[in-house]
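In what follows, a single structure is set out as structure tokens and then discussed.
To find a chain, count down the sequence lines: A is the first, B the second, and so on, and within it residues start at 1. All figures in this text were calculated on a predicted structure; none of them were measured in a lab.
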Amino acid sequence: MGQISPMLRTLVKDALNAAAPANAIFLQGWVRTRRDAKALSFIELNDGSCLKGLQVIVDATLPDYAEVARANTGASVEVHGKLVESKGQGQKWEVVATAFKVLGEADATYPLQKKGHTLEFLREIAHLRPRSNLFGAVFRVRSRLAYAVHQFFQERGFHYVHTPIITASDAEGAGDMFRVTTLDLENPPRGEDKHVDNAKDFFGKKTFLTVSGQLEGEIFAHALSNIYTFGPTFRAENSNTSRHAAEFWMIEPEVAFCDLQGNMDLAEAFVKHLIRDAKEHCAADLEFFAKFVDKDLMTRLDFVLEKPFVRCSYTEAVEILAKSGKTWEHPVAWGANLQAEHERFLTEEHFKCPTTVYNYPRAIKAFYMRQNDGTAEGRETVAAMDLLVPGIGEIIGGSQREERLDKLRAGMALHHLDEKAYWWYLDLRRYGSVPHAGFGLGFERMLMFVTGVGNIRDVIPFARTPGTADF
RNA sequence: UGCCUGGUAGCUCAGUGGUAGAGCAGGUGACUGUUAAUCACUUGGUCGUAGGUUCGAUCCCUACCCGGGCAGCCA
């Protein structure tokens, strides 16, 4: 790895980082652009190993020179040659070819020409866009951060739990679910009462794609103490925004013997770890984003790394919003949910910093969140938290969970949930219950924050949004 | 789902109530250690779909389809 061999393929990344010239090197990749001169041709070769390409010189006297005419933008090629210091400006190393071969041509219909394309157009060619500078960089960062997620938790003694993708829990309150069925939709089996007989379905009951692994995660936190999940999640909501997708990846740690404070500490450390890791391991790609996507990217990332996040209770937040002198499209009142405009004001204008809002009104939060003790009549709160970041809004949502059986049952009653469906969840409170807490981080939203890319469709390889499931 | 906005050449866009242009890509040629190379010439479009208004619609109106933005829902 990282070696230059005359026989084995060398990655462009390793060639560019070479310490010394090499008499023989072998490269394979795709042509980004070709410039022909009278006596030679210049070919920029990219293989996705890094942002930059490697300049290949093919002399017109080379027996293989006829191949160069076929090496248009997008073609795949292989090159044997010498790695030498460049005679031209703009790059340290270049390869003088001794043998040159086109493996797969790309004719004039190749859509990714060497010019600016809109993100909208590139989405329509999602099978080719990873070959562009921007998307190559985005998906290298995505890969690296997925690794960093595991690294962060594994180094802290967390165990990775694979929670189910198909679930029968149909009321977790996290959103509308996709139905999973093998029934014949044209002619489903029907019972005596003419209703569809779900007992005849594959699993013997109604099943769905998961909206969260949290409840199953809690089971494992009650055994392995510190766990996390990292997998695909599905929401059947008709959301048409730049930060919602029907299929996205979520990271959900769940920690036994942990309260809301510990949860907020973990969330902050986690976000900072991911940013630090991207800066360290994806420096060239981040510089590209800073240059072409978001001029303020580096300043923002540094700022987030250096500053402690602001923590602000929901009640304080409401007071700040009420006193701001702003006119709100959605009125500010204790008991109402904070709207995007409110969250944006807090994190972008008031605090100008990632902000964790905690202790939300009980009535607007999920049944499993822990009821805070000693709250005023009519102002009951739960130990919930949302981490808001400038530009994106909510990136993390979490809470301390209700570990007391009687309080949990009261919460379920409040939300009109059937205890029978949650018998195993209630059992966790019957047998060895412990205070515990966790959160969910939207992986794509984190990627948007780290890359500056403004649309969730552009940080996931093949986006699934309402009306679109191509590729 | 609601509101707003757009759909003109392969791509990025301009344009006008009298049936259309530029840049890039493509083609031809010139030139050059070039670097989104440069220069000259050149190919290329039933102006999203269906109706309507009008002597006449790419332009105005309506509906629909598709893209995008914002909001709600949330991660």
Side-chain angles (χ1 to χ4, degrees), chain A residues 32-45 52-60 72-74 84 86-91 94 96 106-125 128 132-133 172-176 211-214 229-230 232-252 267 292 328-330 337-344 364-366 386-389 392-398 439-449 454-460 465-468 470:
Chain A
R32 277 299 169 78
T33 177
R34 186 185 92 219
R35 297 173 289 274
D36 296 324
K38 196 166 211 168
L40 67 169
S41 285
F42 300 94
I43 288 167
E44 190 186 328
L45 185 77
K52 270 185 75 93
L54 183 61
Q55 176 157 282
V56 176
I57 315 286
V58 188
D59 195 282
N72 294 321
T73 299
V84 300
S86 178
K87 285 190 230 170
Q89 302 292 309
Q91 61 277 318
E94 63 188 18
V96 177
D107 69 13
T109 63
Y110 182 62
L112 256 187
Q113 293 301 333
K114 44 185 177 182
K115 66 184 291 293
H117 297 283
T118 59
L119 295 174
E120 290 80 5
F121 171 68
L122 291 168
R123 272 172 219 149
E124 293 171 8
I125 51 165
L128 298 172
S132 67
N133 283 332
E172 292 169 15
D176 294 334
V211 292
S212 165
Q214 181 201 314
T229 73
F230 183 13
T233 308
F234 308 88
R235 304 276 165 91
E237 241 117 53
N238 191 10
S239 296
N240 292 286
T241 81
S242 54
R243 50 188 198 287
H244 288 85
E247 176 181 312
F248 63 99
W249 284 61
M250 188 155 64
I251 297 121
E252 296 180 288
F292 295 106
W328 304 109
E329 191 184 329
H330 302 272
N337 230 325
L338 296 183
Q339 303 298 312
E341 57 174 339
H342 307 140
E343 296 182 343
R344 221 181 299 121
I364 57 170
K365 286 292 179 180
D386 283 354
L387 174 57
L388 315 173
V389 296
I392 305 205
E394 185 178 342
I395 195 167
I396 281 179
F439 61 81
L441 173 118
F443 189 50
E444 283 77 16
R445 288 194 182 169
M446 188 67 209
L447 283 167
M448 290 168 73
F449 189 70
N455 196 310
I456 198 167
R457 297 170 180 87
D458 298 325
V459 293
I460 190 164
T465 50
T468 306
D470 298 327

Protein-nucleotide distance ([X], atom [atom1]; [N], atom [atom2]), rounded to Å:
X	N	atom1	atom2	value
A:Asp36	B:G27	CG	C1'	15 Å
A:Arg32	B:A37	CZ	P	13 Å
A:Glu394	B:A75	CD	P	5 Å
A:Leu447	B:A75	CG	C1'	12 Å
A:Ile395	B:C74	CD1	P	17 Å
A:Arg34	B:A36	CZ	P	17 Å

Original post:
For B:A63, what is the paired nucleotide under Watson-Crick or G-U wobble rules, both distances under 3.5 Å?
Top reply: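 Across all strands, the one nucleotide that pairs with B:A63 is B:U49.
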
Subject >> Base partner of B:C73, which must satisfy Watson-Crick or wobble distances under 3.5 Å >> reply: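 Paired with B:C73, as far as the under-3.5 Å criterion goes, is no nucleotide at all.
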
Subject >> A:Thr465 side chain vs A:Ala245 backbone, donor-acceptor pair below 3.5 Å >> reply: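 Pair absent, no side-chain N/O of A:Thr465 close to backbone of A:Ala245.
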
Subject >> Nearest-Å distance once atom P is located in both B:C55 and B:G67 >> reply: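 One P to the other, the span is 38 Å.
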
**OP:** Establish, with yes or no, whether the OP1 or OP2 oxygen of B:G68 is under 4.0 angstrom from a side-chain nitrogen or oxygen of A:Arg123.
**Re:**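 Yes, because at least one side-chain N or O of A:Arg123 sits under 4.0 Å from OP1 or OP2 of B:G68.
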
Subject >> Pairing of A:Arg123 and A:Asp458 as salt bridge, 4.0 angstrom limit >> reply: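 Answer for the salt bridge query: yes.
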
